[in-house]
There are 2 protein chains.
Amino acid sequence: MVETNQGPHPRERILDASEALFAEKGYEAVTIREIVKAAGCNVAAVNYYFGQKRNLYLEVFECRWIPRAYKIQESFRENLRKSGRSDVEGIIRAFAMAFLEGPFSEKERIRHSQLMAREIARPSEAFDLIAKKVMRPFVRELVELLRKALPAPVRDHELILILLSIFSQIIYFTFARRPVSLFTGKRYTSEFRENLCDHIVAFSLRGLGMGNGGCS
Amino acid sequence: MVETNQGPHPRERILDASEALFAEKGYEAVTIREIVKAAGCNVAAVNYYFGQKRNLYLEVFECRWIPRAYKIQESFRENLRKSGRSDVEGIIRAFAMAFLEGPFSEKERIRHSQLMAREIARPSEAFDLIAKKVMRPFVRELVELLRKALPAPVRDHELILILLSIFSQIIYFTFARRPVSLFTGKRYTSEFRENLCDHIVAFSLRGLGMGNGGCS
DNA sequence: GTCTATAGCAGGATAGAC
DNA sequence: GTCTATCCTGCTATAGAC
């Protein structure tokens, strides 16, 4: 846990350390003393670089979370391009993969989802930021892609609910590891994560009425 | 917000007030002062009745959350019985309805989901409690019911993933009201909630490969 | 059982040495 | 820029009056 990240500039170390702590415990539960200890610098450093604790939290989103979110979106487009398919299954798989197997370490992906989940659960100023800069445009993009890919016209309203249903599963399976492991009896190995990814894609594809399984 | 619940015994008022606050803000973010103010009693009351803050949190689960969870399960069985159908659609609808339209006020349902979501996100001693007493037996019950209802045999492992996919949507649509409203452009009226319930049931039913829509 | 008063401590923030 | 020392607020928890 004690991440005596001695490498880069203190400001960066504080951003890294505090993001991990905010994600894990939530804003209020984290103390400045804890942060600077993990970042390997002095108590005064947070106030020196960020003025106050609250600013640090917002800077974590500005300097870490949002750039990473853009990379995830980029990874989605890359997945789609590489798969060479723009059908519904291709889109859903690229979407799920971008979150579940994206261009980051396991730890970083969890951190990312946790911070988002916290803002979803109890929105703060940070929510408005990511809603505007990240969520809104991405939802728009996905809706456009899906609309083109679907054989029959579907109402935007319905399409959005479907997207949210897919997204809810992605969030849950990244976030709720404890109950998922409890009920499935499996630890989060890379094999199991692949398994989950396949499940989400298959379930959602059928959920969209595009699946091949089960219809008799 | 200031719930000067002057009715019943102070102990009960504290349980009510603190459950609402813990659900809304999380354990660390809530202070004893805040709790007693909302409960309309004195600072010393929490320590008098519960010894320490942490115990109060656990008692909230013991005395409020778990009994409510049992009622939700009861409501599921009631839904199933009343609908007079034990097929897959009946089970899923009864499941979703028990959470989304259960035997409690809107506020109380949100409170319930939020507390659970917090324990899922960051499990504490309370998680072990509810996993053992509530989650495990209920998952077992649902798996048994579904297994009987499904036409073809499905592996337990797969069945559990499907259940979790359904559950993830229920949690998300209760919990993530802000983004859901943002993207759908709808407030959580009772009409919209019914709409959501129908969506979850339809999406999940098709996800199970039992739907009627979309297969050509 | 319920209150007031307060002990004792941890937190955020700052002043000022180096 | 980075540190130590410290202020001050607000917290949990308790002691003791009523």
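What you see is a predicted model; the values in this text were computed from it and never measured.
Taking atom CG on B/L56 and atom P on D/dA13, their separation rounds to 10 Å, with Å as the unit. Per the geometry, CD1 belonging to B/I14 stands 13 Å off P belonging to D/dA13, to the nearest Å. Per the geometry, CG belonging to A/N42 stands 14 Å off P belonging to D/dT6, to the nearest Å.
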* Structure fact -> Once base and sugar-phosphate atoms are separated, protein heavy atoms under 4.0 Å mark nucleotides 10-15 of chain C, 5' to 3', with B, S and - as -BBBB-
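Among residues two or more places apart in sequence or in another chain, the salt bridge (charged side-chain N to carboxylate O under 4.0 Å, His left out) test is passed with A/R93 by A/E89, A/D198. Scored by the salt bridge (charged side-chain N to carboxylate O under 4.0 Å, His left out) test, A/R33 finds no partners at all (sequence neighbours excluded). Residues that satisfy the ring-ring contact (aromatic ring centres under 6.0 Å, His included) test with A/Y188, not counting sequence neighbours, are A/F192.
Evaluation of the side chain to side chain donor-acceptor pair (under 3.5 Å) test over residues 163-186 of chain A, restricted to residues two or more places apart or in two chains, returns A/E106-A/R177, A/S165-B/Q169, A/S165-B/H199, A/Q169-A/S204, A/Q169-B/S165, A/R178-B/D128.
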Which atom pairs, one a donor and one an acceptor, fall under 3.5 Å between side chains of residues 131-141 of chain B and the rest of the protein, sequence neighbours left out?
unit_1, atom_1, unit_2, atom_2, d
B/K133, NZ, B/E62, OE2, 3.2
B/E141, OE1, B/R77, NH2, 2.8
B/E141, OE2, B/R77, NE, 2.8

